[in-house]
Amino acid sequence: MHMEESVLITGATSGIGEATARLLAEKGYPLILTGRRRERLETLAENLKSATGQAVCTLCFDVRNQEETARAIESIPPSFHPIGVLINNAGLASGLDPLHEGDLSDWEKMIDTNLKGLLYVTRQIAPMMVARGKGHIVNISSIAGKETYPMGNVYCATKHAVQSLTKAMRLDMLKHGIRVSSVAPGAVHTAFSEVRFHGDHERAEKVYQGFTPLNGRDVAEAIHFILSRPAHVCIDDLLIMPSAQAYSRDFNREQ
Ligand code: NDP
Ligand code: 8X3
């Protein structure tokens, strides 16, 4: 992509999205950063602008709300167009329960964010790419999009859907010159587990004990690799795991 095209990252206030914003700013990409937490977004944007001199704009909205999403994307200043890359990263797991004991509000959150939110954002941005005959969409999937693990039920189903939608986008936009990629990480040490366990920090930290998980920067570097391939190369699907994790629930932990 040309550096005058901007990159829109959803869920840039934390974890993988924030690390990707930092790396891409260092690499010289103009950025549109989104999330619900306004203060974190604005602080990050100010830091990146002063550290890298990069153009950064922020959009504060909830991807679950279709009208808010549409309004926010319509408000992107002209200087941040065209949008060359969309990184659909905003997402979460909520709860880890057997299906027959699942909490319906956890299910709604995951389906509305990981699936409907990704679709709402893509539906706004993809037509602009199609009109230009150019663009790249990167969907953040998960090892949970490749395998189903006990009590992962609805989260795994949303990430399997992200894998399926990635293929669907690739097929539907093939003739319009749009590249579509998915990145499926194993365990990444972010706020993910704390969100999954509804703020239980101690339980969340146990997920990452006894081995070295991925960090946000590891995934950001994989995304940058995908974006920096020449125009004739599309990385369709990239699975990235900690060396000490070989399957969704198989870890080589210290005794
Ligand atoms: P974090 O919790 O650290 O970050 C999640 C980001 O998503 C935040 O910036 C949050 O912003 C944003 N987000 C969540 N809900 C919404 C919403 N309704 N509207 C807008 N933004 C939202 O977790 P990660 O960085 O780990 O997660 C990023 C992606 O990576 C997710 O899709 C996750 O499923 C995926 N993933 C994570 C793995 C891991 O082990 N950590 C492994 C594989 C995939 P805010 O709260 O400000 O809205
Ligand atoms: C996050 C990784 O294994 O907890 O997608 O589902 S996992």
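In this chain, numbering begins with 1 at the start of the sequence shown.
- In the hydrophobic clustering of this structure, L33 groups with L227; members are Ile, Leu, Val, Met, Phe, Trp, Tyr whose side-chain heavy atoms approach within less than 4.5 Å, directly or through other members.
- Grouping the Ile, Leu, Val, Met, Phe, Trp and Tyr side chains by contacts below 4.5 angstrom, directly or via other members, places M128 apart from L31.
- By the 4.5 Å side-chain criterion applied to Ile, Leu, Val, Met, Phe, Trp and Tyr, Y247 is assigned to no cluster and stands alone.
- Side-chain contact check for D250 versus Q245: every heavy-atom pair is 4.5 Å or farther apart.
- Inter-residue side-chain proximity for T34 and L8 is flagged as met; some heavy-atom pair is nearer than 4.5 Å.
- The hydrophobic cluster analysis finds L174 isolated: no Ile, Leu, Val, Met, Phe, Trp or Tyr side chain comes under 4.5 Å of it, directly or through other members.
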Kindly determine whether S182 and D237 satisfy side chain to side chain donor-acceptor pair (under 3.5 Å), including the steps that lead there.
CA-CA 5 Å; S182 74; D237 194 16; 2.6 Å; yes
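- Side-chain contact between K109 and R64: present, with at least one pair of heavy atoms (C-beta onward) separated by less than 4.5 Å.
- Under a hydrophobic clustering in which Ile, Leu, Val, Met, Phe, Trp and Tyr are joined whenever their side-chain heavy atoms come within less than 4.5 Å, directly or via other members, I240 and V233 fall into the same cluster.
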Step by step, work out the side chain to side chain donor-acceptor pair (under 3.5 Å) result for S105 and D103.
CA-CA 6 Å; S105 75; D103 179 323; 2.9 Å; yes
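- F192 is linked by a ring pair (Phe, Tyr, Trp, His ring centres under 6.0 Å) to Y155, counting only residues two or more places apart in sequence or in another chain.
- Contact check for E194 versus D200: no side-chain heavy atoms found under the 4.5 Å cut-off.
- We find the CG-CG distance between D106 and L96 to be 10.0 Å, quoted to the nearest 0.5 Å.
- Distance check: C60 SG to R38 CZ gives 4.0 Å after rounding to the nearest 0.5 Å.
- Side-chain polar atoms of N88 and T10 form no donor-acceptor pair below 3.5 angstrom.
- Closest approach of T158 and M110 over heavy atoms only: CG2-O, 3.8 Å.
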Output a table of donor-acceptor pairs, distance under 3.5 Å, between side-chain atoms of residues 73-82 and any protein atom two or more places apart or on a different chain; print 'none' if there are none.
from	atom 1	to	atom 2	distance (Å)
S75	OG	A72	O	2.7

Between L119 and L165, does the side chain to side chain contact (heavy atoms under 4.5 Å, CB included) criterion hold? Intermediate values first, please.
CA-CA 9 Å; L119 283 168; L165 285 171; 3.9 Å; yes
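- K116 has its side chain within reach of Y120: a pair of non-hydrogen atoms, C-beta onward, lies under 4.5 Å apart.
- Of all heavy-atom pairs spanning V180 and R170, the tightest one is O-CD, 3.6 Å.
- I140 and I137 fall into different hydrophobic clusters, where Ile, Leu, Val, Met, Phe, Trp and Tyr are joined by side-chain heavy atoms under 4.5 Å apart, directly or via other members.
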Run the side chain to side chain donor-acceptor pair (under 3.5 Å) test on T58 and E42 for me, step by step, so that the C-alpha distance in whole Å, both residues' side-chain angles and the decisive distance to 0.1 Å come before the verdict.
CA-CA 7 Å; T58 59; E42 284 173 3; 4.5 Å; no
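- K49 NZ: more than 12 foreign heavy atoms inside a 6.0 Å radius.
- Distance check: S14 OG to R37 CZ gives 5.5 Å after rounding to the nearest 0.5 Å.
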Apply side chain to side chain contact (heavy atoms under 4.5 Å, CB included) to residues V7 and T20 and explain how you reach the verdict.
CA-CA 10 Å; V7 178; T20 304; over 6 Å; no
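- The backbone N or O of G95 sits less than 3.5 Å from a side-chain atom of R196, completing a donor-acceptor pair.
- Looking at R229, its side chain never comes within 3.5 Å of a backbone N or O of I235 through a donor-acceptor pair.
- Formation of a donor-acceptor pair under 3.5 Å by the H176 side chain with backbone atoms of M129 is not found in this model.
- Under the 3.5 Å distance criterion, the side-chain polar atoms of R40 are matched with a main-chain donor or acceptor of T13.
- Pairing each heavy atom of A21 with each of L44, the nearest pair is CB-CD2, 4.3 Å.
- Sorted by first and then second residue, the ring pair (Phe, Tyr, Trp, His ring centres under 6.0 Å) pairs with a member in residues 205-225 read H189-Y208, F211-F251; sequence neighbours excluded.
- In this structure, N89 contributes its side chain and G11 its backbone to a donor-acceptor pair below 3.5 Å.
- If you run side chain to side chain donor-acceptor pair (under 3.5 Å) between S141 and each of K159, K146, Q163, H160, only Q163 comes through.
- Membership of the apolar cluster around V195 extends to L92, as traced through chained side-chain contacts below 4.5 Å between ILVMFWY residues.
- For K134 and E5, the salt-bridge test passes: some basic side-chain N is under 4.0 Å from an acidic carboxylate O.
- When every heavy atom of L41 is checked against every heavy atom of L59, the shortest pair comes out as CD1-O, 3.4 Å.
- Looking at N139 and V183, their side chains never come closer than 4.5 Å, going by heavy atoms from C-beta outward.
- Going from atom CG of L118 over to atom CG of L115 covers 7.5 Å, rounded to the nearest 0.5 Å.
- A salt bridge does not link R22 with E26: every distance from a Lys NZ or Arg NE/NH1/NH2 to an Asp or Glu carboxylate oxygen is 4.0 Å or more.
- D62 is listed as a side-chain neighbour of R36, based on a closest heavy-atom distance under 4.5 Å.
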Step by step, work out the side chain to side chain contact (heavy atoms under 4.5 Å, CB included) result for M241 and L239.
CA-CA 7 Å; M241 301 292 281; L239 176 63; 4.0 Å; yes
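- With hydrogens and angles ignored, the 3.5 Å screen pairs a side-chain donor or acceptor of E147 with a backbone N or O of S248.
- V85 and L48 fall within a single hydrophobic cluster, where Ile, Leu, Val, Met, Phe, Trp and Tyr side chains are chained together by heavy-atom contacts under 4.5 Å.
- Summarising the geometry of F61 relative to E68, their closest heavy-atom pair is CA-OE1, 3.3 Å, with the distance given to 0.1 Å.
- Nearest approach of A19 to G216, heavy atoms of both residues: CB-C, 3.4 Å.
- With rounding to the nearest 0.5 angstrom, the CZ atom of R249 is 11.0 Å from the OG1 atom of T148.
- Counting only heavy atoms from C-beta outward, the side chains of L23 and Y29 never approach each other to under 4.5 Å.
- A side-chain donor-acceptor contact under 3.5 Å links D218 to the backbone of N215.
- With respect to S181, the side-chain contact (heavy atoms from CB on, under 4.5 Å) criterion is satisfied by exactly one of L238, D236, I226: I226.
- Rounding to the nearest 0.5 angstrom, the gap separating the OG1 atom in T69 from the CZ atom in R123 is 13.5 Å.
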